[in-house]
Every structure is written in C-alpha cells, then in structure tokens.
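The structure under discussion appears below in the form of structure tokens.
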Amino acid sequence: MKAHDFIAVIFPQEPGKAYFAEIRKVNSNNTFECRFVHSGSMYIFKMQPGWIEVVQTSGLFKTGTKT
C-alpha cells in the first residue's frame with residue numbers, strides 16, 4: 001500500500017456496499033490517511049490483524065469503527 005493507491009472499504013454498518021478511497025499518506029505507526037472518492041471525507045485508519053479501525057475522521061463513520 002502506498003500513496004495514490006485506491007482501496008475499497010466495506011463498513012459493517014452497510015454490508016454489501018463498498019466505498020472507494022484514495023490513500024493520501026502511509027504512516028510508520030501502522031496508520032494510513034485516505035480520502036473517499038464519493039464524499040471527500042477524510043479518514044485515518046489503523047491496521048490491525050484481519051481488520052482496520054477508524055482512528056480519526058471527518059466523515060459518517062465514527063472513531064472506533066472496525067472494518
């Protein structure tokens with residue numbers, strides 16, 4: 001994963017619906033910053049084994065949301 005890659009994210013609150021985001025920055029502490037294509041919302045996710053967690057957001061899905 002690197003800056004300018006795109007990812008598809010499925011949040012557990014909306015199963016079956018994928019959101020696409022551009023990775024803006026990958027940090028050394030297992031977090032990455034991204035901007036969602038449809039809404040422009042910014043998120044910072046933390047990588048965990050088997051899932052990711054929202055650690056900072058300007059969007060709909062709250063801090064602590066896991067996907």
Side-chain angles (χ1 to χ4, degrees):
M1 176 175 13
K2 62 184 183 312
H4 306 297
D5 282 351
F6 283 86
I7 58 170
V9 178
I10 299 171
F11 291 98
Q13 294 90 333
E14 294 191 21
K17 184 172 185 178
Y19 294 90
F20 296 90
E22 178 187 9
I23 296 171
R24 308 292 281 194
K25 183 179 179 185
V26 177
N27 304 310
S28 61
N29 61 353
N30 286 340
T31 64
F32 61 95
E33 303 171 25
C34 59
R35 181 184 60 82
F36 280 78
V37 175
H38 298 89
S39 66
S41 297
M42 301 290 290
Y43 284 81
I44 297 177
F45 290 110
K46 182 171 181 70
M47 297 292 292
Q48 304 287 356
W51 50 276
I52 59 175
E53 180 179 357
V54 176
V55 293
Q56 188 174 337
T57 179
S58 71
L60 173 69
F61 296 99
K62 298 178 180 174
T63 301
T65 300
K66 297 177 174 125
T67 186

Handout entry: Ser41 versus Gly59, closest heavy-atom pair with distance
Key = OG-CA, 3.5 Å
Fill in the blank from the handout: So CD of Glu33 and CZ of Arg24: to nearest 0.5 Å the spacing works out to 9.5 Å
Exercise for the section: Taking salt bridge (Lys or Arg N to Asp or Glu O under 4.0 Å) as the test, write out the residues that go with Lys62, two or more places apart. Expected result: none
Completion exercise
Interatomic distance, CZ@Arg35 vs CZ@Phe20, rounded to 0.5 Å, equals 14.0 Å
Problem - Glu53 with Lys46: basic N within carboxylate O range, under 4.0 Å - result: no
Practice task
Report the C-alpha separation of Gln56 and Thr31 in whole Å, then their side-chain angles, then the decisive distance to 0.1 Å, and conclude whether the side chain to side chain contact (heavy atoms under 4.5 Å, CB included) test is met.
Solution key: CA-CA 10 Å; Gln56 188 174 337; Thr31 64; over 6 Å; no
Exercise for the section: If you link ILVMFWY side chains whenever their heavy atoms are less than 4.5 Å apart, which other residues fall into the same cluster as Phe61? By chain and number, please. Expected result: Met1, Ile7, Val9, Phe11, Tyr19, Ile23, Val26, Phe32, Phe36, Tyr43, Phe45, Met47, Ile52, Val54, Leu60
Completion exercise
Students should find that the hydrophobic cluster of Val55, defined by side-chain heavy atoms under 4.5 Å apart, otherwise consists of Ile44
